Amino acid sequence: MSSISEQLLANTSKPVPKEALLVLEDGSVFKGTACAAEGEVFGEICFNTSLEGYLEVITDPSYAGQIITMTYPQIGNYGVNLEDIQREHPALRGLVVRDMCTRPSNWRSTLSLPEYLKQENVVAIEGVDTRALVRHVRDHGAQRAVLSTIDTNPESLLKKVRESVSIVGVNLIPTVSCTEIHTFASLPKSHDFAVAPALEPKHKVVAYDCGAKRSILQNLVRCGCDLTVVPWNTPAETVLDMHPDGVFLSNGPGDPDAVEGTYSQVQKLLGKVPVFGICLGHQMISKAAGASIEKLKFGHRGGNHPVMNLLTGRVEITAQNHGFGLLFPSLGELIPELSGGHSEHVDDLRFWVREGVAPVVQNDRFGRIRLTHVNLNDGTAEGIACLDIPAFSVQYHPEASPGPTDAHYLFTAFIRLMDKDPNYLDIDIAADRLAGWTFGERKELQHA
C-alpha cells in the first residue's frame with residue numbers, strides 16, 4: 001500500500017488495516033484484519049445467528065472459552081450502551097465478524113463497538129467470509145481455534161492451536177461466577193422507556209450464579225422476586241438456611257460434567273424447595289437426576305431457534321447459547337400409560353412432537369419427569385418438568401436479551417410454582433409474551 005493510500009485511509013472510519021488470522025485445528029485458515037485489541041487468543045470456535053443484540057452476546061458469560069462468529073454481516077451499527085451489557089466484563093476469547101462498524105448511529109449509543117472491545121482487551125477480526133466459516137463449522141463440528149493479530153504464519157498458528165486446551169472437561173464456572181453472596185435489585189434506568197416498573201417483591205429467591213446474565217436476574221426482580229445471588233458452589237445447607245421460597249439456577253459456560261460443585265448441591269435442594277433452571281441450570285438439574293449429557297456437534301446459539309412446547313402445542317422462537325445437551329432417555333424408563341402407550345425411547349425427540357405427547361420417565365432419584373420442550377431443528381431435549389417434586393427447567397434463555405419474548409411465560413411459571421399452583425406451566429404463552437413491556441399499552445392508548 002502506498003503512503004498516499006495510508007494517509008487517505010487514516011482519515012476515514014476504516015483505518016489502515018492490520019492483518020489478522022483465524023486458524024482452526026483441522027488446518028482451515030481464514031484471513032482478515034484486526035478491528036479491536038491486538039493479541040493472540042485460543043478458544044472453541046462457535047457461531048451465533050442473532051440479527052441484533054451483539055452487545056448482549058459479546059458480554060454473555062456463557063461464552064467463556066469461546067471465539068464467537070457473528071453470522072449477521074454488519075456488527076456494531078447501533079453502537080454500545082453500557083446499561084445493556086450482561087456482565088461487567090466480557091468473558092469470550094475473541095470475536096469474528098464480516099464487517100465492523102466504527103461509526104454507529106443510535107440515540108442510546110455512548111461509544112462504538114471497536115472502542116468498547118479495545119477497552120476490554122478483546123481481540124477481534126473482520127473481513128472474514130463468515131458464511132464459509134459457519135458452513136465449515138456446521139459440516140465439521142466445533143473445534144479449537146486461534147485468533148491472532150501478532151503471528152500471521154498459518155503453520156505456526158496451527159501448531160499452537162493443536163497444543164491448546166479443549167473446553168471439554170474444563171470447569172469454566174469459577175471464571176465467571178460471583179465470589180460472595182449479595183442481593184440484586186438494580187434495574188437500568190435507560191430501559192424504562194420500554195419496560196414496566198417491577199412488581200412488589202413477593203417471593204424470596206436464591207439464584208446460583210454460574211455466569212448469570214444481568215437481564216435474567218433483572219427479569220426475576222421485575223416479576224416480584226426478592227433476589228439473593230450466591231456463588232456457583234454454595235452449599236445447599238447455606239441456601240436452605242436462608243429459607244427461600246424458590247431457587248433459580250442460571251446459565252453458564254462450558255462442560256456441565258465438570259461442574260460437580262453445583263449439581264451436587266442441586267441434588268440436595270431438589271424436593272426441598274421449588275427450583276427453576278435455565279441453560280446450564282437445566283443441565284445441573286439433569287445431572288442431579290443422574291442423566292447423561294452430550295456434546296453437540298456445533299451447539300445452539302442465536303435468537304431464532306424454534307422449540308415445540310409439548311404441553312401447549314405452541315412453537316416458541318427462543319434465544320439459545322449452549323454446546324452441550326441432555327440425553328432425555330438417560331433420565332429413566334418411559335412410563336407407557338403417561339407416554340401415549342409408548343415404552344421405547346427414540347433418539348430424535350421430534351417423534352413426540354408428531355405424536356402430540358409429552359412423555360414421562362421414571363427417575364430413580366426424583367420420581368416422574370416429563371419432557372416438556374423439544375428443539376425442532378435437531379430433535380434434542382429443550383425442557384423437563386418433575387411431576388413429584390417442584391422443579392422444572394429449559395435449555396434456552398427466556399429473557400430476550402437478545403432475542404424474542406416468546407419464553408417470558410417461564411418466569412410467570414416460576415412464580416406460580418412458588419405459589420404452589422399445581423398447573424403452574426398451564427399458561428397462554430401468546431398472551432404472556434409481552435408481559436412487562438409497555439409497547440402494547442402505548443398502542444392501545446394511541447387508538448383510544
Side-chain angles (χ1 to χ4, degrees), residues 17-50 54 57-58 60-75 90-100 117 121-170 172 175 253-255 257-258 294-302 305 320-325 377-378:
K18 179 176 181 179
E19 187 179 3
L21 221 58
L22 173 72
V23 178
L24 311 189
E25 67 174 290
D26 66 3
S28 301
V29 178
F30 296 86
K31 296 181 179 180
T33 57
C35 57
E38 295 188 13
E40 186 172 288
V41 292
F42 299 84
E44 181 181 81
I45 190 70
C46 66
F47 61 89
N48 186 293
T49 57
S50 295
Y54 53 78
V57 170
I58 291 167
D60 180 351
S62 295
Y63 281 110
Q66 294 180 313
I67 297 172
I68 308 172
T69 304
M70 300 300 296
T71 61
Y72 190 74
Q74 186 177 65
I75 301 299
L92 79 166
R93 297 282 174 82
L95 181 66
V96 182
V97 301
R98 176 62 180 172
D99 177 62
M100 179 70 80
L117 294 175
N121 198 33
V122 174
V123 180
I125 181 174
E126 70 171 325
V128 172
D129 185 345
T130 50
R131 291 179 299 176
L133 174 56
V134 170
R135 285 198 301 267
H136 186 84
V137 174
R138 285 181 60 89
D139 290 342
H140 301 282
Q143 54 189 289
R144 292 171 295 173
V146 56
L147 171 58
S148 181
T149 66
I150 300 171
D151 181 357
T152 55
N153 183 298
E155 291 76 18
S156 170
L157 291 176
L158 181 59
K159 183 177 184 296
K160 291 177 186 178
V161 73
R162 287 179 174 173
E163 294 173 349
S164 66
V165 178
S166 168
I167 68 169
V168 177
V170 176
L172 294 169
T175 67
D255 186 348
D257 284 332
E294 66 174 332
K295 179 77 165 68
L296 301 176
K297 184 177 180 180
F298 48 80
H300 304 150
R301 297 177 181 90
H305 290 254
Q320 307 211 7
N321 177 13
H322 58 275
F324 297 81
N377 283 338
D378 61 7

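The shown structure was predicted, so the numbers you read here are calculated from the model rather than taken from an experiment.
In this structure Lys295 satisfies the side-chain contact (heavy atoms from CB on, under 4.5 Å) test together with Glu44, Ala142, Val168, Phe324, sequence neighbours excluded. In this structure Lys297 satisfies the side-chain hydrogen bond (donor to acceptor under 3.5 Å, both in side chains) test with no other residue, sequence neighbours excluded. Looking at residues two or more places apart in sequence or on another chain, you find a ring pair (Phe, Tyr, Trp, His ring centres under 6.0 Å) between His300 and His305, His322. In terms of the side-chain contact (heavy atoms from CB on, under 4.5 Å) criterion, residue partners of Val23 (sequence neighbours excluded) are, by chain and number, Leu21, Val29, Val146, Leu157, Leu158. Lys18 pairs by the salt bridge (charged side-chain N to carboxylate O under 4.0 Å, His left out) definition with Glu38, not counting sequence neighbours. By the side-chain hydrogen bond (donor to acceptor under 3.5 Å, both in side chains) test, Tyr54 is found to be paired with no residue, residues two or more places apart in sequence or in another chain being considered. With sequence neighbours left out, the side-chain contact (heavy atoms from CB on, under 4.5 Å) criterion links Ala37 to Asn121. Applying the side-chain hydrogen bond (donor to acceptor under 3.5 Å, both in side chains) test to Thr49 and every residue at least two apart in sequence or in another chain returns Asn304. In this structure Tyr72 satisfies the ring pair (Phe, Tyr, Trp, His ring centres under 6.0 Å) test with no other residue, sequence neighbours excluded. Shown here are the side-chain hydrogen bond (donor to acceptor under 3.5 Å, both in side chains) partners of Arg144, two or more places apart in sequence or in another chain: Glu25. Not counting sequence neighbours, the partners of Glu294 by the side-chain contact (heavy atoms from CB on, under 4.5 Å) test are Leu296, Leu327, Thr380.
Nearest approach of Ala124 to Ala36, heavy atoms of both residues: CB-CB, 3.7 Å. Nearest heavy atoms, Ile167 versus Asp255: O-CB, 4.0 Å. The shortest heavy-atom contact between Gly43 and Ile67 is N-CD1, 3.8 Å. Taking every heavy atom of both residues into account, Leu24 and Ala145 meet most closely at CD2-CB, 3.6 Å. Taking each heavy atom of Gly94 and Leu147 in turn, the nearest pair found is CA-CD2, 4.2 Å. Thr175 approaches Ala64 most closely through the heavy-atom pair OG1-CB, 4.3 Å.
Expressed to the nearest 0.5 Å, how far CG of Leu117 lies from CD1 of Ile75 amounts to 11.0 Å. Within the model, atoms CE of Met70 and OG of Ser50 stand 5.5 Å from one another, a figure rounded to the nearest 0.5 Å. Separation of atoms CD (Glu126) and CG (Asp99) is listed at 5.5 Å; rounding is to 0.5 Å. Note that CD of Gln143 and CZ of Arg162 are 9.5 Å apart. Values are rounded to the nearest 0.5 Å.
A 4.5 Å side-chain heavy-atom check between Leu92 and Gln66 finds every atom pair outside the cut-off. A heavy-atom distance below 4.5 Å is not found between the side chains of Val122 and Ile58. At least one side-chain heavy atom of Leu95 sits less than 4.5 Å from a side-chain heavy atom of Met100. Side-chain contact check for Ile45 versus Thr69: some heavy-atom pair is nearer than 4.5 Å. Contact annotation: the side chain of Tyr63 approaches that of Cys46 to within less than 4.5 Å [non-hydrogen atoms, C-beta and beyond]. A 4.5 Å side-chain heavy-atom check between Ile125 and Val96 finds at least one atom pair inside the cut-off.
Remark: the backbone N or O of Gly39 is paired with a side-chain donor or acceptor of Thr149 at under 3.5 angstrom. Side-chain atoms of Arg93 come within 3.5 Å of backbone atoms of Phe42 as a donor-acceptor pair (strictly under, hydrogens ignored).
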Contacts under 3.5 angstrom, residues 134-141 side chains, donor-acceptor by atom type, not counting sequence neighbours:
residue	atom	partner	partner atom	Å
His136	NE2	Asp26	OD2	2.6
His136	NE2	Ser28	OG	3.0

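Shown here is Lys160, whose NZ atom has more than 12 heavy atoms of other residues, nucleotides or ligands within 6.0 Å.
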